[in-house]
Each structure stands twice: as structure tokens, then as C-alpha cells.
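First comes the structure, then the notes that go with it.
Remember, it's a predicted structure, so these values are computed and weren't measured experimentally.
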Amino acid sequence: MKIKQRMNSYPILSEISDDYINSSFTTDIAWYDIEKTKMRFNFNLDNKAIQNLIKNGEAHYLVHMECPTTSFRQAYQSVRDEIIIELPQQNLNEKIEINTFIVAAKEIKEYTNPLFNMDFKDMKFYLS
């Protein structure tokens, strides 16, 4: 997975960012049924406050997939820590780009997290 670092006005939980301490978010991806082009995604989140946002429906996991040669682009969302996605074979050719995220499912006006690093400690953020 390619990760692009961008300057954001809010903290990002990723393996290339130190915005959170003692926290992680990774995704295990495996073929579930290669003949039917099904893939399994297991989300591994170690941050209790973000887990609570997902549990309460304020955030969800998102898988974004695209095939550059066919212009296929689709996002799939889930509140469970596992999702199985069947891809349309006619829209796939050679290479698939996959990115996984945790995104706000609705407006969060004063987001804070006890595991923010010192730069964000005691700050609140508006997430839409």
C-alpha cells in the first residue's frame, strides 16, 4: 500500500505519523475466493476512543479500491472489523490500488482523544 504524507489540520492515525501515541491501525488483506474475486479485509485498531466512535456509529472503516487501467473506483464501508468484498471482474485489469481508512460517518464537532501526542493534547477538532 502506498501512503502519501500530507499536512493536515487534524491528527492522523497511520504508520507514518506520530500524531497518536500507543495507537495503531493496520489492515490484513487476503484473497477469500480468488475465482470469484473476493477479498477479506481484517481491520486491526488499537485506540479505544476511535473504537468507541465506530461502535457508536460516528465513524466507520472504509476500503477504497481502484483499477487505473479500467477507471474502476469504489469505496466500501463497514463498522465491523472484517469485511468481505466481491470485486467485479470485468472492471479489473492487472493492478488494483487499495487504501483503507477510518472516516467520520457523521459530523463530530469536538473530537478529542486521550492518546493524541503532545502537539494535539487538549485540542478539539471538527470532523465532517
Side-chain angles (χ1 to χ4, degrees):
M1 176 181 334
K2 293 189 292 185
I3 300 175
K4 296 178 183 175
Q5 181 70 18
R6 295 185 179 135
M7 296 300 292
N8 290 295
S9 58
Y10 51 86
I12 301 292
L13 176 57
S14 80
E15 56 192 36
I16 62 169
S17 167
D18 66 353
D19 295 347
Y20 290 83
I21 59 169
N22 302 321
S23 300
S24 63
F25 172 60
T26 61
T27 306
D28 298 322
I29 304 170
W31 285 106
Y32 178 72
D33 183 340
I34 199 161
E35 290 180 13
K36 293 185 179 178
T37 325
K38 288 185 181 181
M39 299 181 82
R40 176 182 305 181
F41 297 81
N42 288 97
F43 304 107
N44 309 298
L45 173 61
D46 183 16
N47 184 294
K48 194 57 118 176
I50 298 175
Q51 288 172 338
N52 286 336
L53 289 174
I54 294 169
K55 181 180 175 183
N56 296 333
E58 296 175 87
H60 56 246
Y61 299 106
L62 186 125
V63 177
H64 179 265
M65 305 177 87
E66 65 181 81
C67 178
T69 57
T70 65
S71 298
F72 169 75
R73 182 176 293 141
Q74 184 70 44
Y76 305 88
Q77 59 187 352
S78 177
V79 293
R80 296 184 308 147
D81 59 4
E82 179 184 272
I83 184 174
I84 296 173
I85 299 171
E86 184 170 357
L87 302 169
Q89 289 181 336
Q90 69 275 13
N91 292 335
L92 305 178
N93 186 15
E94 294 181 27
K95 182 172 143 180
I96 305 169
E97 293 181 9
I98 301 171
N99 290 292
T100 59
F101 306 94
I102 298 170
V103 298
K106 59 184 179 181
E107 182 179 71
I108 302 171
K109 292 185 179 179
E110 294 188 348
Y111 172 68
T112 188
N113 193 300
L115 296 177
F116 282 159
N117 77 15
M118 291 305 294
D119 293 339
F120 296 108
K121 198 80 172 156
D122 301 322
M123 294 179 73
K124 296 180 180 181
F125 298 89
Y126 172 81
L127 305 175
S128 59

Sub-4.5 Å side-chain heavy-atom contact between Thr100 and Phe43: yes
Asp46 side-chain N/O to Ser24 backbone N/O, donor-acceptor pair under 3.5 Å: no
Inter-residue atom distance Met123.CE - Thr112.OG1, 0.5 Å rounding: 9.5 Å
Any donor-acceptor pair under 3.5 Å from Asn117 side chain to Asp18 backbone: yes
Lys106 (side chain) donor-acceptor with Ala59 (main chain) under 3.5 angstrom: no
Hydrophobic cluster identity match, Leu115 and Ile54, side-chain contacts under 4.5 Å: no
Members sharing Val103's hydrophobic cluster (side chains within less than 4.5 Å): Leu62, Phe101
Closest contact, heavy atoms only, Pro68 versus Glu97: CG-OE2, 3.5 Å
Residues which pass ring pair (Phe, Tyr, Trp, His ring centres under 6.0 Å) with Phe125, listed by chain and number, not counting sequence neighbours: Phe116, Phe120
Heavy-atom closest pair, residues Ile83 and Tyr76: CD1-CB, 4.2 Å
With Lys124 via salt bridge (charged side-chain N to carboxylate O under 4.0 Å, His left out) - residues at least two apart: Glu110
Main-chain N/O of Glu58 paired to Asn56 side chain as donor or acceptor, under 3.5 Å: no
Check: Met39 and Val63 side chains under 4.5 Å, non-hydrogen atoms: no
Gap separating the CD atom of Glu82 from the CG atom of Asp28, nearest 0.5 angstrom: 10.5 Å
hydrophobic_cluster_shared for Tyr126 and Leu13, side chain cutoff 4.5 Å: no
Distance in Å, Leu45 CG paired with Ile50 CD1, rounded so as to fall on 0.5 Å steps: 6.0 Å
Minimum heavy-atom distance between Ala49 and Pro114, given as atom pair plus value: CB-CD, 4.1 Å
Interatomic distance, Lys38 atom NZ to Leu87 atom CG [nearest 0.5 angstrom]: 11.0 Å
From OG1 (Thr26) to CG (Asn44), nearest 0.5 Å: 4.0 Å
Atom pair CG/CD1 of Leu53 and Ile108 - distance to nearest 0.5 Å: 5.0 Å
Derivation of the side chain to side chain contact (heavy atoms under 4.5 Å, CB included) call for Ile84 and Phe41: CA-CA 6 Å; Ile84 296 173; Phe41 297 81; over 6 Å; no
Hydrophobic cluster identity match, Phe72 and Ile29, side-chain contacts under 4.5 Å: yes
